[in-house]
Enquirer: 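Just passing along the structure, written as structure tokens.
No hydrogens, no waters, no symmetry mates; every other heavy atom, side chains included, goes into these values.
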Amino acid sequence: YQVEVGMYSARDGNRQPVTAGGEGDRLLLGQVAVGPAPRPPSAAELGIPHPLAVEFGPIRLIGYGLTLAGQDAERTAFAPGDVADLTLFWEAESQPPSAASFSLQLAGQTLAHGPLVPQFTTLSWHAEDRFRDQHRLTLPSGIHGSQDLVLAIGGQRSSVAQLRVG
């Protein structure tokens with residue numbers, strides 16, 4: 001990674017020009033290498049609001065967090081059409097043999113799908129690695145009552161949470 005420094009005006013918040021030793025509005029300090037952590041973070045360090053242990057082959061869902069978009073309070077009750085932020089917490093039991101994709105469904109409607117943790121493909125995961133994956137979900141407007149939020153990976157499906165909609 002390239003490390004750079006920039007200064008901002010306290011008066012107007014605008015980035016300030018560098019007058020010596022830099023170019024434009026930044027000063028480049030050099031390269032820094034970031035390696036793996038000496039140990040994976042514990043579940044407590046991750047701050048998982050709803051711990052789980054759901055196996056999907058060599059991948060385990062170890063918990064989730066669910067909030068109304070823009071809020072911090074955990075919840076399971078929503079109105080139809082609400083936008084929710086879902087955070088999934090993953091752990092590798094071993095290195096997955098192929099890139100994993102997922103699908104999230106509520107009341108039979110797909111809310112999200114695609115590669116699992118797209119910024120760090122499961123092909124590069126190692127045993128005990130842990131990852132946080134975030135998704136913004138728009139809840140369908142035509143559903144009401146208790147509904148299972150279902151996660152599918154490969155041919156395996158599991159209910160992650162039960163939501164009350166209405």
Enquirer: Within a 6.0 Å radius of atom CZ on R15, are there more than 12 heavy atoms belonging to other residues, nucleotides or ligands?
Expert: yes

Enquirer: Whether the S158 and Q156 side chains hold a donor-acceptor pair (N or O, under 3.5 Å, no angle test) is what I'd like checked.
Expert: no

Enquirer: Please check if the side chain of T121 supplies one atom and the backbone of S124 the other of a donor-acceptor pair under 3.5 Å.
Expert: no

Enquirer: State plainly whether the residues E45 and R39 are in salt-bridge range, i.e. N to O under 4.0 Å.
Expert: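 Salt bridge flag = yes for R39 with E45.
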
Enquirer: Which donor-acceptor pairs under 3.5 Å do side chains of residues 24-35 form with protein atoms, sequence neighbours excluded?
Expert:
residue	atom	partner	partner atom	Å
R26	NH1	E4	OE1	2.9
Q31	NE2	Q2	OE1	2.7

Enquirer: Kindly indicate whether the side chain of V54, heavy atoms from C-beta on, has any atom under 4.5 Å from the side chain of V160.
Expert: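 Answer no - side chains too far apart.
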
Enquirer: Can you see which heavy atom on V165 is nearest to which on P80, and at what distance?
Expert: CG1-N, 3.7 Å

Enquirer: Start with the C-alpha gap between L163 and L66, add the side-chain angles, then the distance that decides, and say whether side-chain contact (heavy atoms from CB on, under 4.5 Å) holds.
Expert: CA-CA 10 Å; L163 308 184; L66 188 63; 3.2 Å; yes

Enquirer: So L61 and L88, side-chain contact (heavy atoms from CB on, under 4.5 Å) or not? Walk me through it.
Expert: CA-CA 7 Å; L61 178 64; L88 299 173; 4.0 Å; yes

Enquirer: Please report the closest heavy-atom contact between A84 and F78, naming both atoms and the distance.
Expert: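 Here A84 and F78 meet closest at CB-CE2, 3.8 Å.
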
Enquirer: Using the rule given for side-chain contact (heavy atoms from CB on, under 4.5 Å), can you reason through W125 versus I59, listing the C-alpha separation, both sets of side-chain angles and the distance that settles it, and then say yes or no?
Expert: CA-CA 9 Å; W125 292 16; I59 298 169; 3.9 Å; yes

Enquirer: Give the other cluster members for V18, using side-chain heavy-atom distances under 4.5 Å between Ile, Leu, Val, Met, Phe, Trp and Tyr residues; answer none if it is isolated.
Expert: none

Enquirer: Does anything in residues 76-87 pair up under salt bridge (Lys or Arg N to Asp or Glu O under 4.0 Å), and if so which pairs, sequence neighbours excluded?
Expert: D85-R136

Enquirer: Identify the heavy atoms of P97 and P58 that sit nearest to each other, and give their distance.
Expert: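 Taking P97 first and P58 second, the nearest heavy atoms are CD-CG, 4.0 Å.
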
Enquirer: Which other residues belong to the hydrophobic cluster containing L46, where Ile, Leu, Val, Met, Phe, Trp and Tyr are joined when side-chain heavy atoms lie under 4.5 Å apart, directly or via other members?
Expert: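 I48, I62, F89, all in the cluster of L46.
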
Enquirer: Using 30° and 60° as the class limits, which term best fits the ring planes of H135 and F102: parallel, tilted or perpendicular?
Expert: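 The rings of H135 and F102 sit tilted, inter-plane angle from 30° to 60°.
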
Enquirer: Donor-acceptor pairs under 3.5 angstrom involving side-chain atoms of residues 139-151: please list them, not counting sequence neighbours.
Expert:
residue	atom	partner	partner atom	Å
Q147	NE2	H144	O	3.0
D148	OD1	S159	OG	3.4
D148	OD1	Q162	NE2	3.3

Enquirer: Return each pair, listed once, that meets salt bridge (Lys or Arg N to Asp or Glu O under 4.0 Å) where at least one residue sits in residues 53-80; pairs must be two or more places apart or across chains.
Expert: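 Applying salt bridge (Lys or Arg N to Asp or Glu O under 4.0 Å) to every pair that reaches into residues 53-80, excluding sequence neighbours, yields E55-R60, R60-E91, R60-E93.
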
Enquirer: What pair of heavy atoms forms the shortest contact from I153 to A100, and how long is it?
Expert: CG2-CB, 4.3 Å

Enquirer: When you measure from the side chain of N14 to the backbone of S9, do you find a donor-acceptor pair of N or O atoms at a distance under 3.5 Å?
Expert: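 The answer is no, because no donor-acceptor pair under 3.5 Å joins these two groups.
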
